[in-house]
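Below: the structure, in structure tokens.
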Amino acid sequence: MSAYTAPLKDMRFVLNELAGLSEVAKLPGYGEATPDTVDAILEEAAKFATGVLDPLNHSGDEEGSVWKDGKVRTPKGFKEAYRLYCEGGWSALSLDPEWGGQGLPKLVSTPVTEMITSANMSFSLCPMLTQGAIEAMLLSGTEQLKKTFLPKMFDGSWTGTMNLTEPQAGSDLALVRTKAVREGDHYRISGQKIFITFGEHDLTENIVHLVLARTPDAPEGVKGISLFIVPKFLVQPDGSLGERNAAKCASIEHKLGIHASPTAVMVFENATGYLVGEENKGLAYMFIMMNAARYAVGLEGVAIAERAFQRALAYAKDRVQGRDLVEGAKAVPIIRHPDVRRMLMLMKSQTEAMRALAYVVGAATDMALRHPDKAMRQRNQAFVDLMIPVVKGWSTETGIEVASLGVQVHGGMGFIEETGAAQHLRDARITTIYEGTTGIQANDLIGRKIAREGGATVKAWLQHLQQFDAELAKSKHADVAQMRKALTEGTAAVADSVEYLLATFGKDIKAASTGAVPFLKLMGIVAGGWQMARAALIAEKRLADGAADKPFYDAKIASARFFADQVLSQASGLRTSVLAGGAGALALSDEQFLAA
């Protein structure tokens, strides 16, 4: 099998040319993010991902995590890899120095997260959930809770989980039944949670569960949900671990993919829990975790696409089969065949577009947090809120598409587990489901992020795209001109769809909702096209200035042209799906779906 190689050249290009690392480094508190420091971090992360995590990906998938007598054993090598992960300081890269973090921008931690996820997605899920739990505690926990739990979670000694889903509730948190009864300075938590990633494992000595539950007098629905910390082991006043809490793993799931990541059924039986924030405000606190997790899952789409592309590319260069269509004399590597090149370009261009959009949103997150101007913070936060469902929904759906193309490039060998191509497709499949399905992301996009504010943020973004068109118009490059044409048409498709959704959402929410997922895809390919056009324009300028790395910049322009012709060209069809798709989608009665 081919080894994972971090795409450092493209990562640096996106960080510096598109996401504006130099501007982020000027924000208060981010002065340590110098070019030399960031380069060193990326190089070391690449070594860790390739040397430590990638070799465990296939073996971990084959072995899987094993549950026995309430305990979970992770695959061989995972404990040592996690120890090295913590010793390398990767657990606290962008976290607050007050609690032991390194205080670097999210933009710097983003490519590191991508590398770790590309190399071993199952492994990456453990620190990802811990990060989300930390975010919720930082913003909503008491000082005592922070002092008790955060230092150990920052250094990776303890991990964190999110306990939302219950068997009868699924994604509908209004149906949560887990109970929390007050007892002195704590609560007694009772109930069952399912699909809890790394809810039980052997990597650390303690696990900090964040659990949604209801107090006895809580109002019905989501307004009555509270958030609690329920540690696996109780913590003594001196910080040492005390007795085992009544939070047990009843089993782990047998899954399509991410076999090395234990997905637990958790049972709480009068477990000791501590309230986070105020009673009945748990959903707001949980959304802090979920937004961080949704962005991270969007990065999983980028990461799995990159890994699938690398594997397919290596195979296409080595696999000799078929004759050259022109010369026809001898067998050639399959990368010479036009349809294989088309598939590889679909994989490459879409991965680059997703990476660029994700990193730009990461930079906007830093701006929203640290920019000295309040108006700038608000604008950036609005942009982040708008794009989070796009990064999550579009990147994961596209990640599955790219992983599927990877199997196709391998042909019959892609269907054989030994090549590794099938694992990427199996692992990718969960990404459009957990942390909110694509449908949930799309409804969030058209409802909370567009209709609720009258489309103010999306219209501001569309106006920015129209202003950017003036820059594209100055290009002398034929491929950039084609990119401009496609982006203009895509922007118009988004604008038409936004107007339709704003006019329809309040009158016929079902009709609007049937177009939500096509609209999310439309937003994704246009936002991705925006970044590809920016990349092409920058590449054109670098080439004009005599840049040394001509092949890289030429490839950037070619990738953008391909994206325009093969991906952005879908915009008009998606617009039709948004504007006119409701009639057909809602036409049948329940009975008519199955013809007698």
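Residues Q144 and T148 have side chains that bring a donor and an acceptor to within less than 3.5 angstrom of each other. No hydrogens or angles considered: a donor-acceptor pair under 3.5 Å links the side chains of T263 and K255. In this structure, a donor-acceptor pair under 3.5 Å is present between the side chains of T159 and H201. Side chains of T438 and E397: a donor-acceptor N/O pair is present below 3.5 angstrom, by distance only. Residues T37 and T34 bring a donor and an acceptor atom of their side chains to less than 3.5 Å of each other.
Between the side chain of S94 and the main chain of P105, no donor-acceptor pair closer than 3.5 Å is present. Using a distance-only test at 3.5 Å, with no hydrogens or angles considered, no donor-acceptor pair links the side chain of D444 to the main chain of I440. In this structure a side-chain-to-backbone donor-acceptor pair under 3.5 Å is present from T396 to K392. A donor-acceptor contact shorter than 3.5 Å is absent between the side chain of W90 and the backbone of F48. Of the possible polar contacts, none joining the H58 side chain to the P55 backbone as a donor-acceptor pair under 3.5 Å is found. Remark: side-chain polar atoms of Q441 are paired, donor with acceptor, to backbone N or O of G436 under 3.5 angstrom. Using a distance-only test at 3.5 Å, with no hydrogens or angles considered, no donor-acceptor pair links the side chain of K79 to the main chain of L203. Put simply, the side chain of R188 never gets that close to the backbone of K179: no donor and acceptor are under 3.5 Å apart. When atom types are taken as modelled, the side chain of Q102 and the backbone of S91 share no donor-acceptor pair closer than 3.5 angstrom.
F195 pairs by the ring pair (Phe, Tyr, Trp, His ring centres under 6.0 Å) definition with nothing, not counting sequence neighbours. Shown here are the salt bridge (Lys or Arg N to Asp or Glu O under 4.0 Å) partners of K26, two or more places apart in sequence or in another chain: E23. Scanning for side-chain contact (heavy atoms from CB on, under 4.5 Å) contacts around T5 gives Q310, with sequence neighbours left out. With sequence neighbours excluded, the residues satisfying side-chain contact (heavy atoms from CB on, under 4.5 Å) with E98 are D96. The side-chain contact (heavy atoms from CB on, under 4.5 Å) search around D185 returns none, not counting sequence neighbours.
Every pair passing salt bridge (Lys or Arg N to Asp or Glu O under 4.0 Å) that includes a residue from residues 137-158 is listed here, sequence neighbours excluded: E143-K146. Evaluation of the side chain to side chain donor-acceptor pair (under 3.5 Å) test over residues 239-248, restricted to residues two or more places apart or in two chains, returns D238-S240. The side chain to side chain donor-acceptor pair (under 3.5 Å) analysis of residues 362-375, with sequence neighbours excluded, yields the pairs Y30-D366. Counting only residues at least two apart or in different chains, salt bridge (Lys or Arg N to Asp or Glu O under 4.0 Å) contacts with residues 38-53 comprise R12-D39, R12-E43, E44-K47.
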Please determine whether side chain to side chain donor-acceptor pair (under 3.5 Å) holds for the pair S395 and T398, giving the CA-CA distance in whole Å, both sets of side-chain angles, and the decisive distance to 0.1 Å. CA-CA 5 Å; S395 297; T398 307; over 6 Å; no
Under the side chain to side chain donor-acceptor pair (under 3.5 Å) criterion, do T161 and N163 qualify, and how do the steps go? CA-CA 6 Å; T161 70; N163 284 247; 2.8 Å; yes
Pair R294-E435, salt bridge (Lys or Arg N to Asp or Glu O under 4.0 Å): steps then yes or no: CA-CA 6 Å; R294 285 174 174 177; E435 304 307 333; 5.7 Å; no
Check residues 425-432 and write down every donor-acceptor pair under 3.5 Å in which the side-chain atom is one partner and the other belongs to a residue at least two apart or another chain.
from	atom 1	to	atom 2	distance (Å)
R426	NE	E417	OE2	3.1
R426	NH1	D61	OD1	3.3
R426	NH1	L256	O	3.2
R426	NH2	D61	OD2	2.8
R426	NH2	E417	OE1	3.0
D427	OD1	I258	N	2.7
D427	OD2	Q423	NE2	3.1
R429	NH1	T432	OG1	2.8
T431	OG1	A428	O	2.6

Name every donor-acceptor pair, under 3.5 Å, that has one atom in a side chain of residues 223-235 and the other anywhere in the protein, sequence neighbours excluded.
from	atom 1	to	atom 2	distance (Å)
S226	OG	N280	N	2.7
K232	NZ	E200	OE1	3.4
K232	NZ	E200	OE2	2.9

Got a list of side-chain donor-acceptor pairs under 3.5 Å for residues 281-292, not counting sequence neighbours?
from	atom 1	to	atom 2	distance (Å)
K281	NZ	E278	OE1	3.2
Y285	OH	E278	N	3.0

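Checked for salt-bridge contact, K71 and D202 miss the test: no charged N lies under 4.0 Å from a carboxylate O. Taking the charged nitrogens against the carboxylate oxygens, E166 and R177 have no contact shorter than 4.0 Å, which rules out a salt bridge. Using a cutoff of 4.0 Å between basic side-chain nitrogens and carboxylate oxygens, D385 and R448 are not scored as salt-bridged. Salt bridge absent: K76 and E63 never bring a charged side-chain N and a carboxylate O closer than 4.0 Å.
T178 is listed as a side-chain neighbour of I189, based on a closest heavy-atom distance under 4.5 Å. In this structure, E306 and V402 have side chains that are not in contact, with every pair of non-hydrogen atoms separated by 4.5 Å or more. The shortest side-chain heavy-atom distance between L21 and V108 falls under the 4.5 Å cut-off. Side-chain contact between W67 and R73 is absent, with no heavy-atom pair separated by less than 4.5 Å. Here the side chains of K449 and T457 are not in contact, with every heavy-atom distance at 4.5 Å or above. Between K106 and V24, every side-chain heavy-atom pair lies at or beyond the 4.5 Å cut-off. Between V265 and C249, every side-chain heavy-atom pair lies at or beyond the 4.5 Å cut-off. Taking 4.5 Å as the limit, every side-chain heavy atom of M367 sits out of range of all side-chain heavy atoms of Q381.
Atom CD of E80 has more than 12 heavy atoms from other residues, nucleotides or ligands within 6.0 Å.
If you take OG on S118 and CG on N57, they are separated by 10.0 Å, rounding to the nearest 0.5 Å. Atom CZ of residue F78 and atom CG of residue N120 lie 4.0 Å apart, to the nearest 0.5 angstrom. Distance check: Y187 OH to R182 CZ gives 4.0 Å after rounding to the nearest 0.5 Å. Taking CG of L129 as the start and OG of S261 as the end, the distance is 8.0 Å to the nearest 0.5 Å. Distance OG1/T117 to CG/L125: 7.5 Å, rounded to 0.5 Å. Atom CE of residue M121 and atom NE2 of residue H424 lie 11.5 Å apart, to the nearest 0.5 angstrom.
In this pair, F123 and Y82 present their aromatic rings tilted. The plane angle is within the 30 to 60° band. Between H209 and F268, the ring planes are perpendicular. Angles over 60° get that label, and only those under 30° would be called parallel.
Contact record, V302 with T351: O-CG2, 4.0 Å, taken as the closest heavy-atom pair. In plain terms, the two heavy atoms of A81 and V52 that are nearest each other are CB-CG1, 3.8 Å. Between F198 and S122, the shortest heavy-atom contact is CE1-O, 3.3 Å.
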